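Below is one structure, written out as structure tokens, with a few remarks after it.
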Amino acid sequence: MRFSRYFAPTLREEPAEAEVVSHKLLLRAGMIRRVASGIYNFLPLGLRVLRKVENIVREEMNRAGALEVLMPLVQPGELWRETGRWDKFGKELLRFKDRKDHDFCLGPTHEEVITDLVRGEVRSYRQLPLILYQIATKFRDEIRPRFGLMRGREFIMKDAYSFDVDEEGLDKSYQTMYEAYERIFKRCGLKFRAVLADTGAIGGSESHEFMVLADTGEDVIATCPACGYAANLEMAEAQREFSYPDEPEKPLEKVATPEARKVEEVTAFLGVSPEKLVKTLIYIVDGQPYAVLIRGDHELNEIKLRKALNAEEVQMADSETVEKLTSAPVGFAGPVGLSGVKIIADKAITGLKNFIVGANEADAHYVNVNYPRDFQIEAFFDLRNVIEGDPCPKCGKPLKLVRGIEVGHVFKLGTKYSEAMGATFLDAEGKERPFVMGCYGIGVSRTMAAAIEQNHDENGIIWPVNIAPFHVVLLTLNPKNTSLMEVSERLYKKLEAEGIEVLWDERNERPGVKFKDADLIGFPCQLVVGKTFEKEGKLEIKERATGEKRLLSEEEAINFLKERVTAGSGE
RNA sequence: CGGGACGUGGCUCAGCCUGGUAGAGCACUGGGUUCGGGACUCAGGGGUCGCAGGUUCAAAUCCUGCCGUCCCGACCA
């Protein structure tokens, strides 16, 4: 492809609409353009990258024995009523009516449609296991779309669904998909980790998230360098047992703490360390008020809270509710003398002596509070986020926290959907049984963004070779020099003949412009035909990732590129 | 949904406070010079100043409402 005939509108300046690196660079490199909030056009360069990721996903799904299908974006509300998700799903499910006034929605996921398909066609255990997948557009009307392709409303996703006769079969399908995912992200050239995850709204028993490691990631992962354990924050059990000094219990005392609400304010005012303070957070758990005690220097994890109480929904109480329950403004809640609210606590509080809590009274805290002397606790749970240095739940060595971007998620669903929708088959005994299902997603467009978050520098994107829009950019620095153009054209044809994807920049632009664009777009290699060739008959190859340059003959250059392309293919 | 910021040629922004009939740089078109890290020069084209009301002799500028975008929070595969 000749650059002069291509459509790659690069931007010299940072677009005002973007904040995060991948979003800025996708816009600047002329890969995407915004159509509406969270909805984007893919331009030729961006589409090429998307297709590369898709193809890797497709090849590995096929290799794993999954079969590709294509399901509709528009789905009947009827199916969603069957599983109860028509009412349960929030506003992310974009609902509308057709001309006959029938309910429809844009599919945020396809469990209902696939289960409907399979229940209609698969009758016998002999037809199992079955894994179907698609690569398609999804729509979720996100509360707040952001970060470009990272959290769009419309996005490209690969979703696969497995159907098995029993749990054992599901374990096998799950394992197959897990391994396919490892191959996929490896082939995409990304540094990633599979981590234990919560199953969330989709439901099910076991789940792993595949995280692309990047400092700019939204998610925090607890990992153990010693044993390889890796988990999401809500899954990483905080096991550390604190031993507090065995001081005598001092008498309870109320002190004035004017305007001191936050932990830092109270500890600063009283001149104590935050671990001496116990925060009292008021939550509404399935409609019931709870006071949750947690050490001042720790963070509550709401998912842990939800699971500890076996609840459907946990929500932090609004300030009105807090005032009603504690008869004090927000910031002064405490367990002492609190009634009408169940009190639970994080395990780390066990054994803490002479601590500080809110006094359920404006501008006042209690000091020298002791449990169980001064108040009661219904139960202790693990409710806090682990912190760096906490012991690994598996081997006890200190944990590390790293950041990542979730690009894949595998779930064991079990029979949740098949039962709700009456999707059954006959087993060997002629007995009717529900399919045991799994579901497996990969955010394809998000993977593109994650790849950039992980691989970029101040000059632009650094694509891993397997998902780069082109393998190499051929830069003819002075296109008015006919001998340079002849050499370039010959090279261009040879490269194409070798199956190397080349974008030939023969634009009548100054060299600086071409170098800048090449760096920005992030081609893995730049092949330069310029002065060096005129003087020495040598081509220059620059590797984008390292900046390393080498001078080579035509033959050597082509061989070098061939090697680079195959070495990266991961086949 | 709560908090904040913004909306002026394709892009980045100035002008708004203090009302007087729209600017700069980049990009674009034509000419000339230049050609290994976002050139120079001459001549051009291009703007309902987000939309709708209102105030005023006069509104990009002041007022009201709406729309859109982005950020933070809540939420989230």
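Worth saying up front: this structure is predicted, and the values here are computed from it rather than measured. Below, chains carry the letters A, B, ... as their sequence lines are ordered, and counting in each starts from 1.
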Quick check: on RNA chain B, is the nucleotide nearest A:Pro511 upstream (toward 5') of the one nearest A:Pro15, or the reverse? Name the residue that is more 5'.
A:Pro15

Would you jot down, in residue-number order, the residues of residues 471-492 of chain A having a non-hydrogen atom under 4.0 Å from RNA chain B?
A:Leu477, A:Asn478, A:Lys480

Is A:Arg403 paired with A:Asp215 through a side-chain N to carboxylate O contact shorter than 4.0 Å?
no

Does A:Arg151 contact B:rC76 through a side-chain donor or acceptor facing the base, at a distance under 3.5 Å?
yes

Sidechain N-carboxylate O distance under 4.0 Å for A:Glu548, A:Arg550:
yes

Compute the ring centroids of A:Tyr440 and A:Tyr178, then answer whether they are less than 6.0 Å apart.
no

Applying a 4.0 Å non-hydrogen cut-off, can you work out what A:Arg146 is touching in the nucleic acid: base, sugar-phosphate, or nothing?
base

The criterion is side chain to side chain donor-acceptor pair (under 3.5 Å); which residues satisfy it with A:Asp517, sequence neighbours excluded?
A:Thr10, A:Arg507

If the condition is salt bridge (charged side-chain N to carboxylate O under 4.0 Å, His left out), which residues does A:Glu489 pass it with, not counting sequence neighbours?
A:Arg2, A:Lys493

Can a donor-acceptor pair under 3.5 Å be found between the side-chain atoms of A:Arg34 and the base atoms of B:rU69?
no

Is any side-chain nitrogen or oxygen of A:Ser37 closer than 4.0 Å to OP1 or OP2 of B:rG68?
no

Salt bridge flag under 4.0 Å for residues A:Glu234 and A:Lys307
no

Review item, nucleotides 22-28 of chain B N/O atoms under 3.5 Å of protein N/O:
| unit_1 | atom_1 | unit_2 | atom_2 | d |
| --- | --- | --- | --- | --- |
| B:rG25 | N2 | A:Glu13 | OE1 | 3.2 |
| B:rC26 | O2' | A:Arg12 | NE | 3.3 |

So, using salt bridge (charged side-chain N to carboxylate O under 4.0 Å, His left out) as the criterion, who are the partners of A:Arg151 when residues are at least two apart?
A:Glu142, A:Glu218

Between residues 529-540 of chain A and RNA chain B, which residues have a heavy-atom gap below 4.0 Å?
A:Gly530, A:Lys531, A:Thr532, A:Glu540

